[in-house]
Amino acid sequence: MEGIATTSISLVREHTEKVKPPRALWVPFPFGHALGRPDDAALQHRVLRAALELLSAPAGPVLRDFPDDAEGSDQPPAPVQASTIAPATDVPRDVAMETTQMRRYHERWLETSGGRTACGLTGIPVTRFRGVVRFLEEFADGGDADMTERSADVPLPNFVRYCADDLKALYYEGHLAMKSAAGGEEIARWFWGETAAGQLLRRVRNRLDASDDPRWKAAAFGVAR
Amino acid sequence: MPRLDRLSQIARNNLLTFPAQVNETAPFVRLPKPLEGCRLAIVTTAGLHVRGDRPFAPGDQTYRAIPSDTPAVDIVQSHTSIGFDRVPMLRDVNISFPIDRLRELVARGEVGGLGSRSYSFMGAQREAARIESETGPEVARLLRDEGVDVALITPT
């Protein structure tokens, strides 16, 4: 048959059994850890080799299990969500000031990561994130908020979501600069439990979710759940 | 993913009720030559793209092309699901998009080469008809035109 040979990595075995792709390697790692562990080239190569070995199969579908158990990570199988984390009683209230403080850690992150950052979905530079915070606060308060940086073809709820993602990236990467060994669960508990930004995003989520528009509800689901 | 019995009840139900497509079989293509002579490209469902490219939106069934020589620092993720841990991706793009590992395999002669571009879709799609009829076949044609023999498909 004419076409391109494919091999794939599967995270949900039960779904792969239904879809039946030609070749799939099921791995026992948590969501977000498809190749095993970040910065672990040896484990990533073992996963990659196991997926590429399936290419020699003469017929399919082939679904094989990666031999290791969930040794790739000490993280929970799925990330902890905001609704399961109670905010501390002494969470700071000034999000803009906190964001400015986080920028110092974020600059350190950029130095160690070689400039790599997940910020950038809004196109607004980190140096102007106080403006993003003001926009999100006004939005959460029910105001008719918008930003000139939103292009006309990006619906408002999608833009709100990108603002939330950029802000989260600033904090998560800043936290990694403070504590390089921190895992996703620890950072999520800090962000949703101890930061003013986390509480702001809970309020943003509430306004999006209160809408009858399914596009707003979808954005809410992506900001916090 | 860890086995279903290790997930919370809510996460387990979300997965079990997810409308995954049910197929009876798969169109199987044999490897045309040994892997060390093949050109390979990544097709990921991690919602990745070059910084400044249009982010993915909820339910977005379009794709983004990522030139294979894009530095890892210029790749960002706008997957609209928070059902996965983003921290590994913040640390190392290879966790879903193993471009550095593949370059190493090419340097060692284990893979013939990389296609000129990789492609990204967004995963966690509850409705994928447009990917199946339009954007998926379009990416397959592009890969074929770019001389790609093997696609490695990765999730997040």
Side-chain angles (χ1 to χ4, degrees), chain A residues 1 3-12 14-15 18-22 28-35 37-39 41 44-45 48 51-52 55-56 58-61 70 75 77-79 81 114-116 118 120-121 123 158 161-162 165 169 172-173 176 183-184 187 215 218-219 222 225, chain B residues 1-4 6-8 11 15-16 18 20-32 35 51-52 55 57-59 72-73 76-78 80-92 94-96 98 101-102 104-105 111 140 143-144 148-156:
Chain A
M1 178 186 279
I4 295 169
T6 65
T7 186
S8 59
I9 295 173
S10 155
L11 283 163
V12 184
E14 289 74 7
H15 291 174
K18 290 181 183 172
V19 176
K20 296 185 184 64
F29 308 129
F31 292 124
H33 299 244
L35 270 285
R37 254 191 312 256
D39 302 318
Q44 293 173 3
H45 267 302
L48 194 52
L52 295 178
L55 288 164
S56 58
Q75 293 300 302
Q81 300 292 349
R116 174 163 169 69
L121 302 187
N158 296 10
R161 165 66 195 268
Y162 300 146
D165 278 349
Y172 274 52
E173 290 172 348
L176 284 169
I187 301 178
R215 290 169 301 180
R225 49 175 103 138
Chain B
M1 187 202 71
R3 290 165 183 83
L4 285 183
R6 296 188 196 167
L7 288 175
S8 70
L15 289 176
L16 290 176
F18 187 88
Q21 192 178 64
V22 179
N23 295 313
E24 289 307 312
T25 184
F28 193 89
V29 176
R30 296 177 68 144
L31 198 63
L35 191 57
R51 190 189 313 283
V73 295
V76 293
Q77 182 177 45
S78 56
T80 53
S81 166
I82 51 175
F84 59 91
D85 184 356
R86 278 173 192 272
V87 171
M89 178 62 83
L90 298 181
R91 291 181 187 278
D92 180 9
N94 290 285
I95 198 70
S96 277
R101 300 294 84 82
L102 287 171
E104 288 157 9
L105 291 184
V111 171
L143 288 169
R144 198 177 52 193
V148 168
D149 306 296
V150 175
L152 169 70
I153 301 170
T154 63
T156 191

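Only a predicted model underlies this, so the values are computations on that prediction, with no experimental measurement involved. Convention: sequence-line order gives letters A, B, ...; per-chain numbering from 1.
- Shortest non-hydrogen contact noted between B:P155 and A:L11 is CG-CD1, 3.7 Å.
- For A:R215, the CZ atom sits in a loose shell: 12 or fewer heavy atoms of surrounding residues, nucleotides or ligands are nearer than 6.0 Å.
- When heavy atoms are compared at a cutoff of 4.5 Å, A:L48 approaches chain B solely by way of its side chain, counted from C-beta outward.
- Looking at A:R225, the atoms closer than 4.5 Å to chain B (heavy atoms on both sides) sit in the backbone and in the side chain alike.
- We find the CG-CG distance between A:D39 and B:N94 to be 8.5 Å, quoted to the nearest 0.5 Å.
- Only the side chain of A:L176 comes within less than 4.5 Å of a heavy atom of chain B; its backbone N, CA, C and O stay farther away.
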> Is there a side chain to side chain contact (heavy atoms under 4.5 Å, CB included) between A:Y172 and B:V87 once you walk through the steps?
Replying inline: CA-CA 8 Å; A:Y172 274 52; B:V87 171; 3.8 Å; yes

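- Here the shortest heavy-atom pairing between A:V19 and B:A20 reads CG2-CB, 4.4 Å.
- To the nearest 0.5 Å, atoms OG1 (B:T156) and CD1 (A:I9) are separated by 11.0 Å.
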> Would A:L55 and B:V150 count as a side chain to side chain contact (heavy atoms under 4.5 Å, CB included) if you check the C-alpha gap in whole Å, the side-chain angles of each, and the deciding distance to 0.1 Å?
Replying inline: CA-CA 9 Å; A:L55 288 164; B:V150 175; 3.7 Å; yes

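- The two atoms that bring A:P79 and B:D85 nearest to each other are CG-N, 3.8 Å, heavy atoms only.
- Here the closest non-hydrogen pair linking A:Q81 and B:G83 is NE2-CA, 4.3 Å.
- Once rounded to the nearest 0.5 Å, the distance linking CZ of B:F84 with NE2 of A:H33 reads 10.5 Å.
- Comparing A:G115, A:A59, A:A169, A:A219 by how many heavy-atom pairs each has under 4.5 Å with chain B, the most go to A:A59.
- Per-residue heavy-atom pair counts under 4.5 Å with chain A were compared for B:E24, B:R101, B:M89, B:Q21, and the maximum is reached by B:R101.
- For B:R51, the part sitting under 4.5 Å from any heavy atom of chain A is the side chain, from C-beta outward, and nothing else.
- Residues A:D165 and B:Q77 have side chains that never bring a donor and an acceptor to within less than 3.5 angstrom of each other.
- Heavy-atom distances place both the backbone and the side chain of A:I4 under 4.5 Å from chain B.
- Just one residue in the list B:L90, B:V73, B:V76 forms a side-chain contact (heavy atoms from CB on, under 4.5 Å) with A:R116, and that residue is B:V73.
- Contact count versus chain A (heavy atoms, under 4.5 Å) is highest, among B:I82, B:L35, B:D92, for B:I82.
- Both the backbone and the side chain of A:P58 come within contact range of chain B, with heavy atoms under 4.5 Å apart.
- In this structure, the side chain of A:K20 does not engage the main chain of B:T25 through any donor-acceptor pair within 3.5 Å.
- Across all non-hydrogen atoms, the minimal contact from B:S96 to A:L35 is CA-CD2, 4.4 Å.
- Judged by distance alone, the side chains of B:E104 and A:H45 do bring a donor and an acceptor atom under 3.5 Å apart.
- If you measure heavy-atom distances from B:A57 to chain A, the contacts under 4.5 Å come from both the backbone and the side chain.
- Contacts between A:A118 and chain B at a heavy-atom distance below 4.5 Å involve backbone atoms as well as side-chain atoms.
- Looking at every heavy atom in both residues, A:L121 comes nearest to B:P55 through O-CG, 3.6 Å.
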